[in-house]
Amino acid sequence: MSNYKTSKLIMPRNWNGALIVGDCPYSESAIASPFMHSHLGQLIQLQAKAGWDLASRPAYANILSFFPKNAKFASVPEPVLKNEVEELNRIIDEVKPKLLFGLGRQTARFIKHDFSGDLEEERGAPFATPYGTGLLSFHPREIFRQFEFNIVAVNDFTKAWRYLRDGWTEQKWNINYQPTFKQVLEALHKFLESRAPLGVDIETNYHLGITCIGIAYNHSSAIVIPFTTPTGFYWQPYEERAIWKVLCQVLEKCPLIGQNAVHFDHYVLARGYKINANFVADTMFAQWEVYCEMQKSLAFINSLYLDNPYWKSVLKAARSGKVPYQQEWEYCGKDCIVTLQGAHELRRELNELPSGSYQHYKFNIRVSRVCQYMAIRGVEFNFAERDKRLKVLEEEAHAMQLDLDVKAGKHIFVTSPQKMKRWLYEDLKLPIHYNKKTNDEGDVEYRETQDYLTLLLLARDFPNLPALGVAGRLRKLRKRISSLRLIVPRPGTNTIGWLFNAVGTETGRFAGYKPPDGWGVQPQNVYSGDKDLFLAGAGNLWCKSDLEGADAWTMAAMLSSLGDHRMMDDLLHGVKPAQALTVASLYGEHLITADWQTIKSYFPAFKAAMKLQEKERGKKRTDYDAYKAVSHGTNYCMGPKTTCDNIFKKSDGELYVALDVCRDKQFLYEKRYPGLQILKERMASLLSTHGYLDAYSGNRRIFFGRRDNNTVREMISQLPQAHTTYATNLLFERLFHWRGNRIDAGSRQLVIQPVNQVHDEACKVFAQQHLERSRDIFRTCSTNRITCWGVDFTIPFESTYGESWGNCDEVFV
DNA sequence: TTCTGTACGTA
DNA sequence: CGTACGTACAGAAA
């Protein structure tokens with residue numbers, strides 16, 4: 001083989017057999033070789049980090065031998081591109097690389113013949129080439145832009161080295177996806193006998209009917225039971241009945257491993273098939289526990305820990321008829337097998353972490369049973385009252401629309417951002433307002449906006465244009481109306497459902513969803529004013545338990561450990577930080593450093609003053625409301641501009657705190673809690689020394705972002721959120737699993753039934769006759785003790801009950 | 001029909 | 001330069 005160097009290929013003397021292919025040269029002027037300057041440096045660093053033996057070297061090539069115009073691949077004329085690709089292919093045929101390693105999304109298109117078009121999906125999954133193994137990863141350019149890709153790229157380079165050294169062949173899949181009746185029954189009975197863990201996955205059609213169900217029983221074998229074909233049914237009716245009978249037992253009795261943090265499979269089986277599937281492990285939960293900032297998809301898990309080629313494009317192809325429809329069943333079998341394999345590897349990953357991680361994973365799996373319970377149970381919804389309310393609101397909206405059109409002198413379509421923009425900035429020529437937007441790459445952009453805040457600000461600056469305020473209020477009202485109108489009950493009932501994902505967020509908070517059948521709502525963004533429509537049901541009570549000062553406790557503990565004990569002192573003696581700030585603002589700024597006793601001595605006067613303000617200005621418009629926003633914002637490094645915007649917006653344009661006033665109040669707040677400044681520095685130093693934070697729950701969040709202020713802010717909110725979540729989840733976990741919360745011994749029926757969770761608010765329902773018993777149970781289950789940075793504390797609940805979510809006025813405990 | 005951006009609801 | 005989310009709608013792309 002010839003040693004030669006061109007802008008297209010660099011072939012080293014001591015070649016290791018790998019050809020690393022990029023998309024185009026570094027820049028217009030740096031085209032002498034495929035990778036130059038920082039790109040080459042990055043590649044060498046990645047090889048070193050991934051343990052490549054650098055005594056021999058990879059060859060480097062590019063799709064393009066030149067830098068495309070404006071750095072846009074699309075600008076390259078088709079024939080030119082074709083020539084370049086052909087030349088690359090000639091090079092590949094000549095050098096015959098054992099490893100073809102393509103970097104970047106453009107590159108992937110040309111070196112993998114069946115590339116799906118999504119690099120993040122296919123990255124890290126090996127494929128066969130005529131001369132060896134192929135692999136895709138990020139281009140150094142992409143890694144620079146998106147810092148967290150770096151760790152993933154190291155993983156890909158580690159894999160690449162292994163494939164180069166040991167080669168790669170696709171594992172043999174043993175998937176029986178067109179089984180006979182006899183085979184299915186035999187397999188199911190065998191599972192029932194052995195009770196070995198099974199990897200389970202279902203595929204469903206648009207109506208949530210199960211098209212097939214796959215069961216993997218070892219790391220290469222699965223049986224898939226098809227139910228429907230595009231034209232009918234796979235089984236005779238009597239066969240299907242017999243299969244479901246045994247299948248139901250398998251799903252309820254065998255330990256199942258799933259890939260389904262949203263509990264979609266469980267929900268479908270329970271609601272549509274009356275099967276309470278026994279999922280005891282979930283690869284999504286495990287992957288979240290290991291790297292909560294990363295994706296949790298099966299393809300991603302495969303790319304990190306396994307060696308299967310990309311298989312995820314088959315489902316779409318099978319459904320659209322591009323490949324035989326039976327391949328959907330085979331695909332389902334692969335999913336099950338990869339789930340089983342992934343669970344195995346993730347167990348090893350968890351072992352590498354402190355023991356708390358595995359404990360928290362197990363805890364979350366127990367919590368996930370509560371998510372399933374709440375999803376299936378649902379709650380009663382007051383449809384009669386909803387309909388009445390809708391009527392009133394719709395009339396109100398109609399009147400507002402007429403008023404708006406008159407005031408504006410033309411019809412204003414408030415739900416169209418485009419039309420609103422034209423009205424404000426073209427017709428009325430008002431000053432353009434911008435909104436901060438963080439794009440996928442993490443860069444901050446500013447875009448034109450016409451949101452509620454903008455309309456309020458414009459209305460304030462242009463009092464001669466009363467239409468502005470009306471437009472803002474109307475748009476909000478329309479949003480509320482459409483949310484209400486779209487609520488649909490489960491057929492024949494007044495019940496609605498919701499879904500939860502216990503690992504839906506990076507901080508450990510739940511994510512909530514509208515159920516896949518559409519019969520319900522997203523539980524966590526229900527408009528406060530409509531919460532009274534969610535009912536306990538006849539003979540029942542709705543009980544709402546809020547964590548009191550939820551996030552503040554962890555904040556106080558962190559400050560305490562840094563030597564500033566004042567916030568903890570305040571909280572322990574019933575002084576909320578925002579109250580201290582308000583008292584000092586109202587009765588003399590010297591009070592800002594006063595002890596809690598002094599602050600408290602002003603409480604009667606302070607509370608009376610706020611009551612008066614509420615009477616005069618309306619709800620959410622008192623000074624205390626403003627100072628709450630200042631305190632909250634300052635805790636999380638919010639700037640004075642956003643703080644005063646928030647106050648203005650929350651008070652519907654009534655409360656305007658000038659920017660410098662807002663800034664002064666922040667200084668005042670920081671004077672009382674000087675630890676806040678130290679905390680920022682401490683977090684920045686933790687980011688560079690450790691790069692992770694451990695919560696008391698056992699969960700560790702590794703921060704993959706850049707070492708900048710942005711990440712420091714994420715870190716500051718991490719532990720408060722993680723601990724709040726832990727306290728709420730702990731309550732639910734106990735209520736669900738503790739035998740003391742059962743109607744009677746041996747019963748599965750709960751006395752206190754969890755129904756909803758909104759971060760620091762736990763909603764439960766119990767029968768009226770069990771009020772006293774529920775109080776006892778709650779007292780037992782609601783205790784917690786958290787240690788943060790060596791400081792112990794407890795987050796107390798404040799509980800009330802009533803007939804509905806929005807109507808909890810009686811004190812519970 | 002599917003995707004993207006904007007706006008807005010929650011803690 | 002608060003954090004963390006999901007959904008509805010409009011309008012464009014396919």
Side-chain angles (χ1 to χ4, degrees), chain A residues 206 262 292-293 316 320 413-421 434-440 442-455 471-487 498-501 503-515 518 520-531 546-547 549-552 555 629-643 645-646 649-650 666 676 680 701 705 708-722 724-725 728 756-762 805:
Chain A
Y206 182 73
V262 190
C292 64
E293 292 200 348
K316 226 176 178 176
S320 65
F413 190 39
V414 289
T415 43
S416 163
Q418 204 177 76
K419 293 194 172 92
M420 283 289 283
K421 207 151 102 180
Y434 295 90
N435 206 353
K436 198 187 83 171
K437 179 91 188 170
T438 314
N439 63 21
D440 293 341
D443 301 326
V444 173
E445 288 173 33
Y446 289 86
R447 294 192 187 162
E448 281 184 30
T449 181
Q450 53 281 315
D451 59 14
Y452 188 54
L453 173 65
T454 301
L455 290 167
R473 284 195 300 278
L474 177 57
R475 190 165 49 193
K476 267 167 89 100
L477 180 60
R478 288 217 186 279
K479 173 89 179 165
R480 180 180 173 195
I481 289 172
S482 80
S483 310
L484 268 182
R485 196 179 36 222
L486 283 165
I487 303 175
W498 33 40
L499 249 59
F500 301 89
N501 177 359
V503 291
T505 73
E506 290 170 354
T507 56
R509 281 183 169 184
F510 280 16
Y513 310 85
K514 202 173 159 158
V521 299
Q522 207 283 50
Q524 297 178 326
N525 67 356
V526 174
Y527 177 68
S528 292
D530 290 325
K531 287 185 176 174
D546 285 13
L547 285 172
D551 285 9
M555 198 54 87
V630 172
S631 122
H632 196 75
T634 313
N635 282 349
Y636 296 116
C637 317
M638 190 188 276
K641 174 81 174 80
T642 314
T643 307
D645 281 352
N646 281 349
K649 193 162 90 168
K650 276 210 166 161
Q666 288 197 321
L676 286 168
K680 271 183 230 174
R701 174 168 170 190
D708 60 11
N709 270 341
N710 220 17
T711 308
V712 168
R713 273 203 309 274
E714 283 172 16
M715 291 179 81
I716 287 174
S717 49
Q718 164 64 16
L719 293 180
Q721 288 198 13
T724 303
T725 305
T728 320
N756 189 10
Q757 189 255 44
V758 193
H759 312 311
D760 65 359
E761 173 186 336
W805 187 6

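Model, not experiment: these values are computed from the prediction.
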Selection: residues 473-481 of chain A, any non-hydrogen atom under 4.0 Å of DNA chain C: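 When residues 473-481 of chain A is checked for heavy atoms under 4.0 Å from DNA chain C, the hits, listed by number, are A:K479.
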Atom [atom1] of [X] and atom [atom2] of [N]: how far apart are they, to the nearest Å?
X: A:M420; N: B:dG5; atom1: CE; atom2: P; result: 21 Å
X: A:Y434; N: B:dA7; atom1: OH; atom2: C1'; result: 18 Å
X: A:M638; N: C:dT3; atom1: CE; atom2: C1'; result: 9 Å
X: A:N501; N: C:dG6; atom1: CG; atom2: P; result: 8 Å
X: A:Y527; N: B:dA11; atom1: OH; atom2: C1'; result: 16 Å
X: A:E445; N: B:dT4; atom1: CD; atom2: P; result: 15 Å
X: A:L499; N: C:dC5; atom1: CG; atom2: P; result: 17 Å
X: A:N646; N: B:dA11; atom1: CG; atom2: P; result: 14 Å

Just to confirm, is there a sub-4.0 Å distance from OP1 or OP2 of [N] to any side-chain nitrogen or oxygen of [X]?
X: A:Y513; N: C:dG6; result: yes
X: A:S528; N: B:dT10; result: yes
X: A:R447; N: B:dG5; result: no

A:Q522 (side chain) and C:dT7 (base): donor-acceptor pair under 3.5 Å: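 Flag unset: no donor-acceptor pair detected.
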Could you go through the side-chain contact (heavy atoms from CB on, under 4.5 Å) check for A:I716 and A:M555 one step at a time? CA-CA 8 Å; A:I716 287 174; A:M555 198 54 87; 4.0 Å; yes
Decide if atom OH of A:Y527 counts as having more than 12 heavy atoms of other residues, nucleotides or ligands within a radius under 6.0 Å.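 No, because the 6.0 Å sphere around OH of A:Y527 holds 12 heavy atoms or fewer from other groups.
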Would you say A:K650 has more than 12 foreign heavy atoms packed within less than 6.0 Å of its NZ?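 For A:K650, atom NZ is not crowded (no more than 12 foreign heavy atoms under 6.0 Å).
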For the student: nearest non-hydrogen atoms of A:P720 and A:D551, plus distance: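 Shortest heavy-atom contact: O-OD1, 3.5 Å.
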Considering non-hydrogen atoms only, spot the tightest contact between A:W805 and A:P523 and give its length.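 Of all heavy-atom pairs spanning A:W805 and A:P523, the closest is CH2-O, 3.5 Å.
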In terms of side-chain heavy atoms, does A:T642 have a donor or acceptor partner in A:D645 at a distance below 3.5 Å?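 No pair is found: no donor N or O on one side chain lies under 3.5 Å from an acceptor on the other.
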When you check the side-chain N and O atoms of A:N646 and A:T643, is any donor under 3.5 Å from an acceptor?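 On atom types as modelled, these side chains do not qualify, holding no pair under 3.5 Å.
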Counting the atoms with a prime plus P, OP1 and OP2 as sugar-phosphate, which does [X] contact under 4.0 Å by heavy atoms, base, sugar-phosphate, or nothing?
X: A:K649; value: nothing
X: A:N709; value: base
X: A:Q718; value: nothing
X: A:T634; value: nothing
X: A:E714; value: sugar-phosphate
X: A:G639; value: sugar-phosphate

So which one's nearest nucleotide on DNA chain C is more toward 5', A:P640 or A:R701?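 So the residue in question is A:P640.
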Return whichever of A:T507 or A:K436 has its heavy-atom-nearest nucleotide of DNA chain C closer to the 5' end.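 Nearest-nucleotide comparison on DNA chain C picks A:K436.
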Need the pair for B:dT10. Rule: Watson-Crick or G-U wobble, both distances under 3.5 Å, any strand; none if unpaired.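 Partner of B:dT10: C:dA4.
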Per-nucleotide protein contact string for nucleotides 9-14 of chain C (B base, S sugar-phosphate only, - none; heavy atom under 4.0 Å): SSSS--
Measuring from the side chain of [X] (C-beta onward, heavy atoms only), which nucleotide among [options] has the closest atom?
X: A:T505; options: C:dT7, C:dA4, B:dA7; value: C:dA4
X: A:R509; options: B:dA11, C:dG2, B:dT10; value: B:dA11
X: A:Y452; options: B:dA11, B:dC8, C:dT3; value: B:dC8

Should A:R485 and A:S482 be marked as a side-chain contact (heavy atoms from CB on, under 4.5 Å) after you check the CA-CA gap, both sets of side-chain angles, and the distance that decides it? CA-CA 5 Å; A:R485 196 179 36 222; A:S482 80; 3.9 Å; yes
Side chains of A:Q721 and A:T724 in contact at under 4.5 Å (non-hydrogen atoms):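 Not touching, per the 4.5 Å side-chain cut-off.
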Are side-chain heavy atoms of A:F413 and A:M420 found at a separation under 4.5 Å?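 Not in contact.
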Pair A:Y446-A:K436, side-chain contact (heavy atoms from CB on, under 4.5 Å): steps then yes or no: CA-CA 5 Å; A:Y446 289 86; A:K436 198 187 83 171; 3.8 Å; yes
